[in-house]
Amino acid sequence: MNIEARLRVLKERISAACEKVKRDPNEIAIVAVTKTIPAQLIEEAYALGLRLFGENRVQEAREKIPQLAHLQGARWHLVGHLQTNKVKYAVKLFSMIQSADSVRLLEEINKRARNKMPVLIEVNTSAEPQKHGIHPVHVSRLLEKALSLEKIEVMGFMTVGPYPVDEKRSRKAFALLREIKEKAEKEFERTFSVLSMGMTEDFEYAIWEGSTMLRIGRGIFGERKQA
Ligand SMILES: *Cc1c(COP(=O)(O)O)cnc(C)c1O
């Protein structure tokens with residue numbers, strides 16, 4: 001299968017998942033996750049209409065994004081863990097940082113950003129100890145801090161679903177992120193529009209639980225050579 005065929009299958013699966021819960025597929029953004037994927041294939045995905053791209057490592061993004069500067073209207077999201085010492089590059093390369101999960105990181109982004117930086121708060125919704133993301137009980141405190149920082153614009157929340165994928169566990173994690181968003185909206189009396197959840201193997205569950213942004217790598221580009 002090539003990118004065009006995979007994208008067609010992906011969109012059919014998104015439509016079917018939306019149909020099941022009576023949602024509109026147009027309210028669900030697709031971030032094409034391009035880690036390990038060469039620039040030429042990203043150009044192909046762009047030609048097929050994709051405009052949102054996600055990288056998980058700053059170093060790789062620093063090499064790749066400048067090569068793709070000619071793709072008008074393409075926007076890049078950081079979806080992987082961000083180290084404080086890489087923030088100075090990240091704020092220049094990305095239009096959104098999806099992996100904000102500590103006060104220290106938010107403060108550094110606030111210090112380094114020229115303009116307002118859109119961020120998502122990454123939450124560890126599956127209690128897997130090796131995972132990044134803030135623990136659900138600490139979200140409110142982190143959010144309070146984030147909302148006090150001038151250059152930080154909190155757009156919503158992100159989570160990586162449990163692995164291996166399992167319907168019950170996956171849906172529970174995604175439902176938890178939705179509940180965290182709803183609770184935060186009440187507490188801070190504002191809306192957070194983005195729920196970034198769902199990858200190639202679990203995005204249907206994420207759609208059923210309210211995802212507004214899918215992060216899809218293999219479902220667009222095929223299996224990666226190296227993870
Ligand atoms: C790699 C990655 C994805 C995409 O994973 P696929 O299984 O290839 O769809 C999504 N989110 C993050 C944070 C990733 O690192």
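Along the sequence shown, residues are numbered consecutively beginning with 1. Because the structure is predicted, anything quoted here is derived from the model rather than measured. Remember, it's 1-based here, ligands and their atoms both numbered in the order they're listed. The analysis underlying the following values was restricted to heavy atoms, covering all of them including side chains, and did not include hydrogens, waters or symmetry mates.
- Near Ile216, with a cut-off below 4.0 Å to any heavy atom, the atoms of ligand 1 are 9 (O).
- By the neighbour-count criterion of 12 heavy atoms within 6.0 Å, atom NZ of Lys131 is densely surrounded, having more than that number from other residues, nucleotides or ligands.
- Residue, atom and distance of the protein heavy atom nearest to atom 13 (C) of ligand 1 are Val79 O, 3.3 Å.
- At a threshold of 4.0 Å, the pair Lys186-Glu182 does not count as salt-bridged, since none of the basic side-chain nitrogens sits closer than that to a carboxylate oxygen.
- Among all heavy-atom pairs drawn from Glu167 and Trp208, the shortest one is OE2-CZ3, 3.7 Å.
- Ring planes of Phe157 and Phe192: perpendicular class, angle over 60° (limits at 30 and 60°).
- Of the listed residues (Arg218, Met199, Glu201), the one carrying the non-hydrogen atom nearest atom 5 (O) of ligand 1 is Met199.
- Annotation: cation-pi pair Arg51/Tyr46 present, NZ/CZ under 6.0 Å from the ring centroid and within 45° of its normal.
- At the shortest separation from atom 11 (N) of ligand 1 among protein heavy atoms lies Arg215 NE, 2.9 Å.
- In the vicinity of Lys35, heavy-atom distances shorter than 4.0 Å reach the ligand 1 atoms 1 (C), 2 (C), 3 (C), 14 (C), 15 (O).
- With salt bridges taken as basic N to acidic carboxylate O contacts below 4.0 Å, none links Glu60 and Lys35.
- The ligand atoms of ligand 1 that sit less than 4.0 angstrom from a heavy atom of Arg224 are 1 (C), 8 (O).
- Close approach to Gly217 involves these atoms of ligand 1, each under 4.0 Å from a residue heavy atom: 4 (C), 6 (P), 8 (O), 9 (O).
- The protein atom (non-hydrogen) at minimum distance from atom 6 (P) of ligand 1 is Thr200 OG1, 3.4 Å.
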